[in-house]
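The block underneath contains the structure these notes are about, expressed in structure tokens.
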Amino acid sequence: MNNQLVIKNASGMDEVVQVIDIITDSETGKKYLFYTLPDGEDIYASILNESEDTFILETITDDSEWELVEEILKNIVMVEGDSNE
């Protein structure tokens, strides 16, 4: 997936991020956004909350959610690595 998304940052300002993937947890229904910032190569993950015309990122604070996100991220990195070969 190679898309950009405009989100509201912590300051309430619009920010463009490069979307890697959006995963929905089947148990909780929460959506997790995996993304990079335009000027960096680090991969970030946040809870994605959507309203009619706005995307807001929420910080992941729960340890069990972090475990889930880390497992998903490992799979994303493995798939990305396979597709680059």
Side-chain angles (χ1 to χ4, degrees):
M1 185 181 286
N2 190 12
N3 296 317
Q4 293 183 336
L5 182 65
V6 178
I7 55 103
K8 295 280 184 192
N9 64 21
S11 303
M13 303 294 296
D14 286 349
E15 186 171 3
V16 177
V17 297
Q18 193 70 30
V19 176
I20 296 170
D21 209 344
I22 298 172
I23 304 291
T24 302
D25 181 11
S26 59
E27 291 182 22
T28 65
K30 284 187 179 180
K31 290 184 180 182
Y32 297 94
L33 174 68
F34 295 86
Y35 63 97
T36 61
L37 300 176
D39 60 348
E41 299 214 2
D42 292 333
I43 297 175
Y44 299 93
S46 295
I47 299 167
L48 178 64
N49 291 312
E50 300 176 59
S51 67
E52 285 184 30
D53 60 351
T54 305
F55 297 97
I56 300 172
L57 301 184
E58 182 181 323
T59 302
I60 300 168
T61 58
D62 184 85
D63 288 341
S64 62
E65 281 185 294
W66 266 119
E67 290 174 16
L68 171 69
V69 165
E70 287 173 348
E71 191 63 34
I72 293 169
L73 186 56
K74 286 178 190 176
N75 291 331
I76 290 172
V77 170
M78 285 179 16
V79 169
E80 290 288 321
D82 288 346
S83 66
N84 289 334
E85 293 178 6

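Predicted, not measured: the structure shown is a model, and the values here were computed from it. The first residue of the sequence shown is numbered 1, and numbering continues consecutively from there.
For the atom pair CD1 (Ile47) and CG (Leu57), the distance works out to 10.0 Å, reported to the nearest 0.5 Å. In this structure, Ile20 CD1 and Asn3 CG are separated by 12.0 Å, a value rounded to the nearest 0.5 Å. Interatomic distance, Ile72 CD1 to Glu67 CD, rounded to the nearest 0.5 Å: 12.0 Å.
Remark: Ser64 pairs with Asp62 by the side-chain hydrogen bond (donor to acceptor under 3.5 Å, both in side chains) rule, at least two apart or across chains. Every side-chain contact (heavy atoms from CB on, under 4.5 Å) that Thr61 has, sequence neighbours left out, goes to Thr59. For Asp14, the side-chain hydrogen bond (donor to acceptor under 3.5 Å, both in side chains) criterion is met by Lys8, not counting sequence neighbours. For Asp63, there are no salt bridge (Lys or Arg N to Asp or Glu O under 4.0 Å) partners at least two apart in sequence or on another chain.
Here the closest non-hydrogen pair linking Ile60 and Ala45 is CD1-O, 3.8 Å. Heavy atoms only, all atoms of each residue included: Gly29 and Thr24 are closest at O-CG2, 3.7 Å.
Screening Asp42, Ile43, Val17 for a side-chain contact (heavy atoms from CB on, under 4.5 Å) involving Leu37 leaves a single residue, Val17.
The closest side-chain heavy-atom distance from Leu5 to Val16 is not below 4.5 Å.
Counting only residues at least two apart or in different chains, ring-ring contact (aromatic ring centres under 6.0 Å, His included) contacts with residues 11-42 comprise Tyr35-Tyr44. Sorted by first then second residue, the salt bridge (Lys or Arg N to Asp or Glu O under 4.0 Å) pairs that include residues 23-36, not counting sequence neighbours, are Lys30-Glu65, Lys31-Glu50.
Hydrophobic cluster membership differs between Ile56 and Ile22, with clusters built from Ile, Leu, Val, Met, Phe, Trp and Tyr side chains linked at under 4.5 angstrom.
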